[in-house]
Amino acid sequence: MTSHTEDPASAGTTASAAGDAARTVPATRRLRVAADGTDGDDTAIVDQVAIDRAASLLRSGALVAFPTETVYGLGGDATSDVAVAAVYAAKGRPSRNPLIVHAADADSALALVRADDRAVRLAAAFWPGPLTMVMPRRPDCPIADAATAGGPTLAVRVPALAVTRRLIRAAGRPLVGPSANRSGHVSPTTADHVLADLDGRIAAVLDAGPCRVGVESTVIDLSGPLLRVLRPGAVTLSMLRRAMGADAVEGAPTFGDDRDDGHTALPSPGMLGSHYAPRRHVRLNAAAPLPGHREVLLAFGPPPAGFAAVLSLSADADPVEAARRLYARLREADALDDIDGIAVAPLDRRPAAGGTADAADLLGALADRLGRAAAPRPQASRPASPQAGPAGETPRDRHHTDIKPA
């Protein structure tokens, strides 16, 4: 028998960054559910009382963070201009960065867009699951214009976690669901991570435990003649080529190819130049400690000696395990005392899974996230940090190394 608990968090306060326009609430409620099933397993034992409470809040226009198999999303009614604006404000998210719309099933998602035969095939192959498809929106699409950042396309997906799909059905409408954290910060893979960033800025978080994938969904663009990957993820380029044929898919994206200029509307979430970033600077491809610095190492495989602390992404250099742990480890590293920065080991070991193309593609997704985490931040979005130097300079600006997984 699943028990429902509702935990009051601490009283909310108004933060002092870009999202200060967000409406604060007295406290963010934690609505706990127990979920055993993913990947379309609708027999999962969940607490429908908690889901119904979360759905009622969403229908009223409030914001509720919800779990998915990838990361926790910040849910709002995708058909409401007011709710979508509140999502942007709560996160401090740039209005040029579009949102993903989450639907309960493939038919509901594809009804929002001009879906061709490719979309139908991909939906059958990968939905429910960590794949987002960007397609032209229908003229009668009910989704709020702000969710598309003013563009003609819409990003849609059907999440794998049964709890999430039950929530969408109970709400009776599609939900926007960007990562439930302050814009540009490390994405959340637990409800505690959500509360660390958004406590008092949202009405509730539906807590189903840690996310099993750990990095955001793969985003593909189907608005052109070739399938194009805009953001790599757990549905890999190799999987897409096997499903659609190699000639139907463009080559692998590389971090930096998108060339975010800081002003232009983006075609997809996850393409900001600086993103997924902890407070402390991140140094990539760290094979040895940086002289004169106390760094915590995120290790991939056996760690080298000499670092002030070590947190393992995967002792066996398994990219699936590393993806699941990445954001939690970045947050753990950022919280350590007496540390100058975060070093990340090279992602160039042969994966324990056998060096498959899928494993290499997943390493590419990790490289994308870490490259954005290490990128220099725009001055306006740089958080207060004890590591700041003259004129606001941080070690992030002084020690950036490109990451190129083998």
Side-chain angles (χ1 to χ4, degrees), residues 70 78 94-103 106-127 129-158 174 176-178 215-273 275 357-358 360-362 364-365 367-369 371-372:
T70 57
S95 60
R96 66 190 183 90
N97 194 8
L99 306 175
I100 294 172
V101 173
H102 295 67
D107 288 345
S108 299
L110 297 180
L112 301 171
V113 293
R114 295 187 180 276
D116 58 19
D117 290 342
R118 297 175 300 169
V120 174
R121 288 174 60 188
L122 289 164
F126 298 111
W127 279 354
L131 178 69
T132 294
M133 293 191 269
V134 176
M135 292 168 277
R137 62 184 294 175
R138 290 181 181 271
D140 59 350
C141 177
I143 301 303
D145 289 341
T148 69
T153 59
L154 183 68
V156 293
R157 95 168 178 107
V158 179
V176 293
V215 293
E216 295 82 358
S217 62
T218 304
V219 180
I220 61 171
D221 181 6
L222 292 177
S223 63
L226 291 179
L227 183 158
R228 184 163 63 106
V229 176
L230 300 179
R231 180 176 71 186
V235 174
T236 67
L237 183 68
S238 298
M239 292 177 185
L240 295 168
R241 285 174 168 163
R242 289 196 295 270
M244 302 301 293
D247 292 342
V249 182
E250 283 192 6
T254 301
F255 171 65
D257 285 354
D258 37 51
R259 298 181 179 86
D260 176 23
D261 63 9
H263 304 286
T264 305
L266 299 170
S268 162
M271 299 182 73
L272 290 171
H275 209 2
D358 289 336
D361 288 347
L362 187 51
D368 172 82
R369 304 310 194 273
R372 295 178 198 276

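Heavy atoms only: backbone and side chains are in, while hydrogens, waters and symmetry mates are out.
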Between T70 and S217, a side-chain donor and acceptor under 3.5 Å: no
Using side-chain contact (heavy atoms from CB on, under 4.5 Å), reason through M135 and L110 one step at a time and then give a plain yes or no. CA-CA 9 Å; M135 292 168 277; L110 297 180; 4.0 Å; yes
Taking the side chain as C-beta and beyond, is there a heavy-atom pair between S223 and R114 under 4.5 Å? no
Closest heavy-atom pair and its distance - F126, M239: CZ-O, 3.8 Å
Is any side-chain heavy atom of V235 closer than 4.5 Å to one of L122? no
How close do L226 and V249 get, heavy atom to heavy atom, and via which atoms? CD2-N, 4.4 Å
What are the two closest heavy atoms between R118 and L222, and how far apart are they? NH2-O, 2.8 Å
Within-4.5 Å side-chain heavy-atom neighbours: E216 and D368: no
Going by heavy atoms in the side chains, are P136 and P152 under 4.5 Å from each other? no
Please find the pair of heavy atoms, one from G233 and one from L362, that lie closest to each other, and give the distance. O-CD1, 4.2 Å
Are any of the side-chain nitrogens in R138 or D140 under 4.0 Å away from the carboxylate oxygens of its partner? no
Judged by atom type as modelled, is there a donor-acceptor pair below 3.5 Å linking the side chain of D116 to the main-chain atoms of A119? yes
So do H102 and R157 actually touch side chain to side chain, heavy atoms under 4.5 Å? yes
What residue among V113, L99, V156, L154 forms side-chain contact (heavy atoms from CB on, under 4.5 Å) with I143? L154
P142 and L112: which non-hydrogen atoms are nearest, and at how many Å? CD-CD2, 3.7 Å
Rounded distance [0.5 Å steps], CZ in R231 versus CD1 in I100: 4.5 Å
So that I can tick it off, tell me whether D358 and R242 are bridged by a salt bridge, with the cut-off set at under 4.0 angstrom between side-chain N and carboxylate O. yes
Taking every heavy atom of A109 against every heavy atom of V158, the minimum-distance pair comes out as CB-CG2, 4.1 Å
